[in-house]
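All figures in this text were calculated on a predicted structure; none of them were measured in a lab.
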Amino acid sequence: MTTQFGKGCHLHLIDGSAFIFRAYHALPPLTRKSDGLPIGAVSGFCNMLQRYISDDHGPDAPTHVAVIFDKGSHTFRNDLYGLYKANREAMPEDLRPQMPLTREATRAFNIACQEIEGFEADDIIATLACQARDLGGRVTIISSDKDLMQLVGGGVEMLDAMKNRRIDVEGVEEKFGVGPDRVVDVQALAGDSVDNVPGAPGIGIKTAALLINEYGDLETLLDRAEEIKQPKRRQTLIEHRAQIELSKRLVQLDCNTPLDFGLDDLEVRDPDPETLLSFLSEMEFRTLSTRIAKALAVEAPVIPDVAPAASEDSAADWPAIAPEAYERVSDMAALQVWIDRILARGYVAIDTETTSLNEMQAELVGISLAVEPGQACYIPLGHREGASDDLFGSDALAEGQLPRDAVLSALRPVLEDAAVLKIGQNMKYDAKIFAGLGLTIAPIDDTMLMSYALNSGIHNHGMDALSERYLAHNPIPIKTLLGTGKSAVTFDKVPIDEAVKYAAEDADITLRLWHMFKPQLHQKQVTTVYETLERPLVPVLARMERHGILVDRDVLSRMSNAFAQKMGGLEAEIHELAGRSFNVGSPKQLGEILFDEMALEGGKKGKTGAYATGADVLEDLATEHELPARVLDWRQLSKLKSTYTDALQDHIDPNTGRVHTSYVQTGASTGRLASTDPNLQNIPVRSEEGRRIREAFVADAGKRLVSLDYSQIELRILAHVAGIDALKQAFRDGLDIHAMTASEMFGVPLDEMTSDVRRRAKAINFGVIYGISGFGLARNLRIPRAEAQGFIDRYFERFPGIRAYMDETVEFAKAHGYVQTLFGRRIHTPEIAAKGPRAGFAKRAAINAPIQGTAADIIRRAMIRMPEAIADLPCKMLLQVHDELLFEAEEDAVDAVITAAREVMEGAADPAVHLDVPLTVDAGSGMNWAEAH
DNA sequence: GACATCACG
DNA sequence: GACGTACGTGATGTCC
């Protein structure tokens with residue numbers, strides 16, 4: 001029986017996407033037990049549908065109903081405005097496979113399910129609502145999306161299913177300050193950060209409503225913009241007219257979407273028990289199918305409690321790791337067999353063997369591949385005749401190897417195929433090796449980064465450690481092939497038979513680890529962290545490292561000489577003062593001189609029984625005696641010379657003339673990067689003499705170094721996470737945050753602030769980030785402990801939210817064994833349950849980790865987005881120093897680079913996290929790093 | 001290879 | 001009540 005849609009009919013339109021995202025975010029990432037398919041969103045979606053149909057809608061009960069979905073990402077709005085919805089985060093990987101299942105679910109409930117390629121659900125909803133209204137029927141749109149509010153009125157209402165609240169014309173007026181017919185005008189002015197609709201800068205909903213109410217509608221307002229009294233508003237409207245008109249076209253819903261169905265197709269139908277229950281069984285939703293069976297008065301299906309399907313994914317069925325079973329690939333036909341296996345499977349574990357850990361100088365020696373546990377091979381390419389009696393070494397290639405270029409040509413389609421996942425352990429290394437050979441390897445997965453996302457703070461993430469821990473297998477140590485110390489050889493000298501076992505084993509282990517880690521990412525809810533903060537950073541870091549930074553050897557060399565001369569003078573002076581000669585660089589000898597021979601006060605022995613002679617100790621002694629003061633000077637120079645001016649020269653690459661650091665993505669438990677070989681994250685800056693070392697870091701001819709750094713990012717994050725209104729407001733107002741803290745704490749007005757009071761407040765602000773203690777603050781400020789404790793007490797009194805945040809964070813760590821950043825990164829705190837002094841360490845680390853980690857996440861997001869943002873500019877990103885990014889840019893592009901990079905950095909938290917405080921970035925440029933910073 | 005020291009955020 | 005203590009890193013030199 002069909003009823004013609006008309007008066008007396010009531011159409012319900014459900015915004016399907018809203019249901020899905022609500023379900024996805026409300027539920028933990030459930031997986032189907034039998035095969036691990038993610039189904040959390042489907043489960044939530046079905047529960048919401050079930051609740052919807054079982055609800056007694058009373059007089060609002062529908063005669064017609066449909067669930068409307070989005071289909072495709074490109075719509076007419078993208079043609080109007082390329083940046084429309086451009087700030088959307090990519091769909092989480094575990095949600096994507098659930099999208100078709102939500103359509104299936106809708107059909108299983110026997111509810112009409114509609115989507116049209118190239119049209120947003122909102123336009124389909126608008127079209128149907130208009131049709132139904134024009135035929136005299138009623139419409140309820142089940143959604144709380146404000147973009148749909150323009151449709152309300154004339155029999156159309158909205159229903160916020162979560163709050164069970166109906167939204168009528170008054171509701172819309174409450175929200176927008178205007179009636180539904182003027183909602184688009186307000187939206188056009190106010191813009192929308194969620195959909196990236198620009199609007200008029202500086203005008204929000206309140207102001208927009210005010211203007212529209214005054215002038216009647218948007219067109220009149222724009223035509224009469226000259227009459228507006230407020231100069232800034234007037235100018236904005238006149239200047240951005242085109243942008244405002246574009247915004248209106250973006251927010252205006254289209255009531256004329258071409259539909260291939262009619263309202264009559266949407267009539268409410270009872271679900272067919274068999275169809276619905278068989279779908280729910282397939283999904284293995286036990287509770288829900290029992291509930292629905294009861295409601296439908298039929299017998300609930302029995303869903304067998306199957307064990308996870310036996311497959312190669314199940315570690316129990318894997319063959320033991322057996323290096324002698326791996327294949328050596330010696331002819332192109334055999335290689336082709338492996339390539340075919342990889343293409344058929346869609347993924348491969350891969351590892352490269354080279355002559356050096358330094359990727360810039362490494363030569364490719366061989367490649368290993370694994371496609372399933374136990375099935376791995378090694379392709380030797382660059383092994384040399386290992387004539388150990390040949391004093392000069394032999395350059396001849398060993399027999400039985402394929403030509404390197406032929407192998408790379410054959411592998412290129414695999415390495416660059418978007419449909420083949422390349423799995424590696426520390427893929428940045430392999431990606432850099434391949435990049436040196438003109439190959440771009442993508443897409444990738446990295447077991448080291450998976451381990452880091454899963455278990456940061458619990459253990460390290462090197463392959464040997466992971467293999468031992470998760471596979472109970474100790475891989476062949478590289479030492480057994482290369483030897484150690486002076487007699488160590490490079491991998492090209494390793495006999496091929498030995499290399500096959502070692503190299504293929506690495507690929508095999510990597511593949512096994514991948515099979516274990518992949519499902520764990522979902523289970524531990526760190527898939528997004530891995531996919532948005534870890535994996536996409538790999539190619540970014542690889543490019544930065546390969547590019548390197550230009551360092552002027554002559555500048556360093558001159559400084560080294562000057563330091564050596566000064567040190568010689570100081571050393572003579574020190575020996576004179578000591579009355580005898582000794583090794584100034586030996587803390588042990590210095591301690592004996594100071595505290596035994598000279599019998600100075602304050603000698604304290606540490607754990608090992610040696611006197612402490614750190615800078616703080618020497619500084620105290622320096623007020624009394626000359627010797628410790630001279631030693632401090634000597635030490636500063638010694639540090640600068642050995643660690644910087646000497647060592648950096650050895651790191652200049654002979655081929656590029658540049659210094660290529662290596663970032664360790666898994667180096668710091670908090671999410672920060674570490675920089676090694678050389679460490680370019682601790683180049684001196686605090687002392688005047690040290691800072692001059694930065695003059696050796698220079699821009700190439702015609703270029704400039706450009707530095708951008710976040711201002712007070714950790715304090716801003718603290719203000720946000722702890723919810724400290726006074727701090728948040730101070731940041732919004734652009735105040736001097738330390739002076740403001742001092743003013744709040746000590747009651748000193750800002751204009752009477754002394755530098756000493758400010759200095760104390762600054763120390764407290766930093767102390768808070770580190771998990772403050774009276775002892776620590778006292779030592780830092782060199783004041784009595786009781787006084788320091790008094791400061792802290794006053795601070796907590798004034799900002800009680802900080803104390804609450806600290807307590808909550810420690811409690812969270814105790815309850816879960818980890819803390820997390822605003823972006824979901826987990827940092828484990830296994831020591832939190834410890835007793836004694838270790839508990840103090842763990843507490844402070846737990847308090848600091850979410851703050852430091854969130855800052856680290858933010859700059860990572862900026863770095864990941866940076867290549868696209870600067871793609872059209874003549875510049876390269878070179879270095880990251882925790883809150884600073886350093887670029888090298890063509891001289892005339894400096895301003896454009898600063899503008900583009902600043903925008904990315906300041907907006908890096910969006911849209912995943914909306915901070916209550918603005919992020920601000922300071923910028924500078926110059927011929928060298930000292931000038932730019 | 002452990003330890004002390006000191007460079008950075 | 002005593003314990004010990006600011007958070008996160010890497011490189012260098014001494015000494016065993």
Side-chain angles (χ1 to χ4, degrees), chain A residues 456-457 582-591 605-618 631-632 634-648 650-651 661-664 666-687 689-691 693-694 709-715 718 763-781 785 788 792 806 819 827 829 834-853 855-856 859 879-884 933:
Chain A
S456 178
F582 69 103
N583 184 348
V584 184
S586 164
K588 185 165 169 275
Q589 294 179 30
L590 176 66
K605 292 189 177 178
K607 289 167 231 170
T608 53
Y611 288 113
T613 67
D616 49 347
V617 176
L618 296 189
V631 172
L632 281 169
W634 184 92
R635 277 197 182 160
Q636 192 200 1
L637 297 175
S638 163
K639 181 81 178 183
L640 295 178
K641 182 172 185 293
S642 69
T643 310
Y644 300 104
T645 57
D646 285 353
L648 275 172
D650 301 334
H651 282 284
T661 184
S662 185
Y663 289 102
V664 191
T666 57
S669 62
T670 53
R672 272 195 180 179
L673 302 177
S675 160
T676 64
D677 307 303
N679 181 354
L680 295 186
Q681 290 181 322
N682 71 345
I683 303 302
V685 69
R686 292 175 188 169
S687 77
E689 278 191 294
R691 180 194 288 264
I693 290 173
R694 296 189 171 217
D709 67 290
Y710 284 109
S711 162
Q712 309 284 10
I713 187 167
E714 293 193 353
L715 272 177
L718 174 71
I764 298 169
N765 275 334
F766 279 109
V768 164
I769 292 173
Y770 300 147
I772 199 159
S773 74
F775 183 93
L777 183 65
R779 204 175 60 169
N780 188 287
L781 285 177
R785 194 170 158 177
I792 295 171
M806 295 171 88
V819 291
I827 299 119
T829 54
K835 292 270 174 279
R838 282 142 63 116
F841 276 114
K843 264 190 189 177
R844 291 191 297 272
I847 290 165
N848 172 259
I851 302 170
Q852 185 182 117
I859 196 164
L879 300 180
Q880 187 248 44
V881 192
H882 309 309
D883 64 359
E884 172 188 6
H933 184 76

Main-chain N/O of A/S638 paired to A/S642 side chain as donor or acceptor, under 3.5 Å =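 Side chain of A/S642 to backbone of A/S638: a pair is present.
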query = Would a distance-only check, ignoring hydrogens and angles, find a side-chain to backbone donor-acceptor pair under 3.5 Å from A/Q681 to A/Q880?
reply =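 Present.
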With rounding to the nearest 0.5 angstrom, report the [atom1] to [atom2] distance, [X] to [Y].
| X | Y | atom1 | atom2 | value |
| --- | --- | --- | --- | --- |
| A/I859 | A/E884 | CD1 | CD | 8.5 Å |
| A/L680 | A/S662 | CG | OG | 10.5 Å |
| A/Y663 | A/D677 | OH | CG | 12.5 Å |
| A/L718 | A/I713 | CG | CD1 | 12.5 Å |
| A/Q852 | A/D883 | CD | CG | 11.0 Å |
| A/L673 | A/L879 | CG | CG | 11.5 Å |

query = Can you check whether A/S669 has a side-chain N or O nearer than 4.0 Å to OP1 or OP2 of C/dT9?
reply =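 For C/dT9, OP1 or OP2 has a side-chain N or O of A/S669 closer than 4.0 Å.
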key: Non-hydrogen atoms of A/G667 and A/A674 that approach each other most closely   =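 In this case the closest contact between A/G667 and A/A674 is CA-CB, 4.4 Å.
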query = Where along residues 834-844 of chain A does a heavy atom come under 4.0 Å from DNA chain C, residue by residue in number order?
reply =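 Heavy-atom contacts with DNA chain C come from A/F841, A/R844.
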message = Checking A/T643 now: which residues fulfil side-chain contact (heavy atoms from CB on, under 4.5 Å) with it, not counting sequence neighbours?
response =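 A/T643 satisfies side-chain contact (heavy atoms from CB on, under 4.5 Å) with A/K639 once adjacent residues are dropped.
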key: Test side-chain contact (heavy atoms from CB on, under 4.5 Å) applied to A/L632 - qualifying residues, sequence neighbours left out   =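 Only A/A615, A/L618, A/E619 meet the side-chain contact (heavy atoms from CB on, under 4.5 Å) criterion with A/L632.
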Expressed in angstrom and rounded to an integer, what is the separation of [X] atom [atom1] from [N] atom [atom2]?
| X | N | atom1 | atom2 | result |
| --- | --- | --- | --- | --- |
| A/F582 | C/dG13 | CZ | C1' | 15 Å |
| A/Y663 | C/dG10 | OH | P | 13 Å |
| A/K588 | C/dG13 | NZ | C1' | 14 Å |
| A/L718 | C/dA6 | CG | P | 20 Å |
| A/I693 | C/dA11 | CD1 | P | 16 Å |
| A/Q880 | C/dT9 | CD | C1' | 12 Å |
| A/N780 | C/dT5 | CG | P | 16 Å |
| A/L777 | C/dC7 | CG | P | 13 Å |

Classify the nucleic acid contact of [X] as base, sugar-phosphate or nothing, counting any heavy atom under 4.0 Å across all strands shown.
| X | value |
| --- | --- |
| A/T643 | sugar-phosphate |
| A/A647 | sugar-phosphate |
| A/A846 | nothing |
| A/D677 | sugar-phosphate |
| A/I772 | base |
| A/R691 | nothing |
| A/G771 | nothing |

Taking atom [atom1] in both [N] and [M], what distance in whole Å separates the two?
| N | M | atom1 | result |
| --- | --- | --- | --- |
| C/dG4 | B/dC6 | C1' | 22 Å |
| B/dA7 | C/dA2 | C1' | 35 Å |
| C/dC3 | B/dC8 | C1' | 31 Å |

Taking distance alone, no hydrogens or angles, what donor-acceptor pairs closer than 3.5 Å link side-chain atoms of residues 767-781 of chain A to residues at least two apart or in another chain?
residue : atom : partner : partner atom : Å
A/S773  : OG   : A/G776  : N            : 3.0

query = Side chains of A/L590 and A/R635: closer than 4.5 Å at any heavy-atom pair?
reply =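 A side-chain contact under 4.5 Å exists here.
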note = Dot-bracket for DNA chain C, 5' to 3', Watson-Crick and G-U pairs with both distances under 3.5 Å, [ ] for crossing pairs, | for partner on another strand, reads ......|||||||||.
remark   = Readout for nucleotides 2-9 of chain B: B = base within 4.0 Å of protein heavy atom, S = sugar-phosphate only, - = neither; 5' to 3' it is -SSSBBBB
